[in-house]
Novice: 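First, the structure itself, so that you have it in front of you.
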Amino acid sequence: MTEPIPQPAGPGDRPPPARFAYDAHTWKEIAHLLTNLPVSLVGFVYTVTALSVGVGLTVTVIGLPLLALGLAGARQFGRFERARARAMLGVRVDEPSPLPWRRSGGFWPGLWQAVKDPVGWRTCLYTLIRMPWGVVTFTVSLTGLFVLWPVLAFVVRAMADVDRAMVRGLLSPSDELEKRIAELESDRGVVVDTAAADLRRIERDLHDGAQARLVNLAMGLGLAREKLLEDPDAAASMVEEAHGEVKLALQELRDLARGIHPAVLTDRGLDAALSSVAARCTVPVAVTVDLEERPAPAIEGIAYFTVSELLQNVSKHSRARSASVEAWRSENRLFLQVRDDGVGGASLDGGTGMKGLAERLGAVDGLFVVDSPEGGPTTVTAELPWRDRSGTPAGKAPGKGASARGRR
């Protein structure tokens with residue numbers, strides 16, 4: 001009896017394709033740990049050389065410049081390490097603010113700022129610590145590829161977490177201070193641009209409005225003076241026209257002054273000023289102001305112009321039948337809320353001045369929240385820091401006890 005000839009195995013009998021035991025993320029961590037040694041060696045040699053030469057020559061005129069240059073190079077090494085950790089470890093660390101060379105006030109103050117740079121010094125500390133750690137991670141990872149394969153993933157993860165902690169602790173910006181500096185620099189630019197735009201608007205309004213009207217008034221009075229003896233009736237008519245021009249010019253100057261800082265806000269406070277703005281709105285507006293005392297003039301002015309701009313948007317774009325304005329204080333914040341029952345669809349990039357308002361409030365540590373779904377209603381909440389009339393921040397104070405989100 002002949003034995004059956006063996007048949008090749010079918011697709012269902014084949015073993016699964018060979019593959020690596022670890023996923024891509026683990027292999028990235030292994031690669032990062034293996035490259036720690038050469039990278040740490042370069043950083044260690046650079047730091048020791050730069051600090052030795054710079055500190056050793058501080059008794060000469062070139063010592064401080066060399067030390068500042070070495071710290072600047074350490075900053076670049078820190079940037080490289082943040083990029084390496086971002087690519088291989090998934091660590092997201094913000095870049096520190098650059099040194100403020102333009103605001104240093106000269107060569108020597110700028111040089112001293114570079115020498116005191118905390119980012120550069122922390123990077124130098126990072127490179128010194130990383131040298132022995134790089135030897136450990138390289139040795140353990142390379143050996144573990146051959147003798148620790150079953151548990152290597154856990155060992156690698158533990159060492160990679162130490163690397164992540166080092167990057168976050170030594171290569172990140174200086175806590176909240178660096179972030180705060182960057183925010184203040186951006187806010188200062190917004191304030192400067194806003195002030196320049198306001199000055200251009202005032203100049204344009206004066207040139208095109210009251211100034212042109214006063215020029216016509218002067219010309220009219222000059223002609224009336226020439227005709228005073230020849231044609232008294234014509235002169236009287238011209239004086240009457242000039243009188244009307246004077247009234248119009250005064251009204252334009254009042255409107256311009258209201259746009260700069262309304263007298264009612266200075267004299268009677270935010271309640272009366274917001275009621276005055278609401279009275280000029282084309283939509284019926286209910287105003288509720290719950291403030292036991294007045295804030296600082298600057299905060300009061302920002303609050304007034306914010307509500308004024310929002311009510312102008314209600315008049316022009318909302319197609320609403322009614323609106324409301326509320327102002328209240330909660331602890332050390334001033335809240336403003338403007339609602340309307342219009343068509344909605346307002347947004348910060350909608351071209352209705354919302355973005356400019358958000359930037360202005362952000363420049364003074366304020367918040368600006370727009371809730372305007374299509375079809376309405378629209379609720380805009382503005383939050384400002386409360387400062388008393390002396391200009392200092394206030395502490396706890398009684399209020400409605402509601403936050404901006406709670407009142408929305």
Novice: Is Y126 reaching over with its side chain to a backbone N or O of G169, donor-acceptor style, under 3.5 angstrom?
Specialist: no
Novice: Does the side chain of L152 come within less than 4.5 Å of I30's, by heavy atoms?
Specialist: yes
Novice: Less than 3.5 Å apart, which donor and acceptor atoms pair up between the side chains of residues 133-140 and the rest of the protein, not counting sequence neighbours?
Specialist:
| unit_1 | atom_1 | unit_2 | atom_2 | d |
| --- | --- | --- | --- | --- |
| W133 | NE1 | D163 | OD1 | 2.5 |
| T137 | OG1 | L33 | O | 3.4 |
| T137 | OG1 | N36 | ND2 | 3.3 |
| T137 | OG1 | W133 | O | 3.2 |
| T137 | OG1 | G134 | O | 3.1 |
| T139 | OG1 | V135 | O | 2.7 |

Novice: Going by the rule side-chain contact (heavy atoms from CB on, under 4.5 Å), which residues pair with A165 if we only count those two or more places apart in sequence or in a different chain?
Specialist: none
Novice: Test your reading of the model: is there a side-chain donor-acceptor pair from D371 to the backbone of T379, 3.5 Å cut-off?
Specialist: no
Novice: Would you say the side chains of E326 and T288 form a donor-acceptor pair under 3.5 Å?
Specialist: no
Novice: Under 3.5 Å, side chain of R387 to main-chain N/O of I299, donor-acceptor pair present?
Specialist: no
Novice: Under the side chain to side chain contact (heavy atoms under 4.5 Å, CB included) criterion, do V285 and L274 qualify, and how do the steps go?
Specialist: CA-CA 10 Å; V285 181; L274 295 184; over 6 Å; no
Novice: Applying side-chain contact (heavy atoms from CB on, under 4.5 Å), name anything that partners S275, two or more places apart in sequence or on another chain.
Specialist: D271, V287
Novice: So, do M166 and I129 sit near enough that their side-chain heavy atoms are less than 4.5 Å apart?
Specialist: yes
Novice: I'd like to check the side chain to side chain donor-acceptor pair (under 3.5 Å) partners of S308; sequence neighbours left out, ordered by chain and number.
Specialist: none
Novice: Going by side chain to side chain donor-acceptor pair (under 3.5 Å), name the residues that satisfy it together with S141, two or more places apart in sequence or in a different chain.
Specialist: none
Novice: Does the pair F80 and V39 meet the rule for a side chain to side chain contact (heavy atoms under 4.5 Å, CB included), with working shown?
Specialist: CA-CA 10 Å; F80 169 77; V39 172; 4.0 Å; yes
Novice: Test: salt bridge (charged side-chain N to carboxylate O under 4.0 Å, His left out). Region: residues 131-150. Which pairs qualify, not counting sequence neighbours?
Specialist: none
Novice: Donor-acceptor check, side chain of R82 to backbone of L171, threshold 3.5 angstrom: yes or no?
Specialist: yes
Novice: Could you tell me whether R333 sits above the aromatic face of W386, with NZ or CZ closer than 6.0 angstrom to the six-membered ring centre and within 45 degrees of the axis?
Specialist: no
Novice: With sequence neighbours left out, write down each residue that passes side chain to side chain donor-acceptor pair (under 3.5 Å) with S40, or none if nothing qualifies.
Specialist: none
Novice: Could you check if a side-chain atom of L41 sits within less than 4.5 angstrom of a side-chain atom of M131, using non-hydrogen atoms only?
Specialist: yes
Novice: Restricting to salt bridge (Lys or Arg N to Asp or Glu O under 4.0 Å), what partner residues turn up for R294, sequence neighbours left out?
Specialist: E300
Novice: Do any pairs count as a salt bridge (charged side-chain N to carboxylate O under 4.0 Å, His left out) and have a residue in residues 136-157, sequence neighbours left out, and if so which ones?
Specialist: E29-R157
Novice: If every non-hydrogen atom of G120 is compared with every non-hydrogen atom of A74, which pair is closest and at what distance?
Specialist: O-CB, 3.9 Å
Novice: So, are R75 and D117 salt-bridged, with charged N and O less than 4.0 Å apart?
Specialist: yes
Novice: Any donor-acceptor pair under 3.5 Å linking the side chain of D340 with the backbone of V314?
Specialist: no
Novice: What pairs with T282 under side chain to side chain donor-acceptor pair (under 3.5 Å), at least two apart in sequence or on another chain?
Specialist: S315
Novice: How long is the span from the CG atom in L336 to the OH atom in Y304, to the nearest 0.5 Å?
Specialist: 13.5 Å
Novice: Measure the shortest side-chain to side-chain distance between E293 and R329 over non-hydrogen atoms and say whether it is less than 4.5 angstrom.
Specialist: yes
Novice: Where the side chain of S372 meets the backbone of G345, is there a donor-acceptor pair that is under 3.5 Å apart?
Specialist: yes
Novice: R86 side chain to M88 main-chain N or O, any donor-acceptor pair under 3.5 Å?
Specialist: no
Novice: Hey, is the main chain of V119 close enough, under 3.5 Å, to the side chain of T123 for a donor-acceptor pair?
Specialist: yes
Novice: Just jot down the side-chain contact (heavy atoms from CB on, under 4.5 Å) partners of L66, sequence neighbours excluded, or say none.
Specialist: V53, L57, I62
Novice: Between R84 and H32, is there a side-chain heavy-atom distance shorter than 4.5 Å?
Specialist: yes
Novice: Sequence neighbours excluded, which residues qualify as side-chain contact (heavy atoms from CB on, under 4.5 Å) partners of L51?
Specialist: T47, L67, W121, C124
Novice: Test side chain to side chain contact (heavy atoms under 4.5 Å, CB included) on V338 and T378 and set out the steps.
Specialist: CA-CA 8 Å; V338 178; T378 296; over 6 Å; no
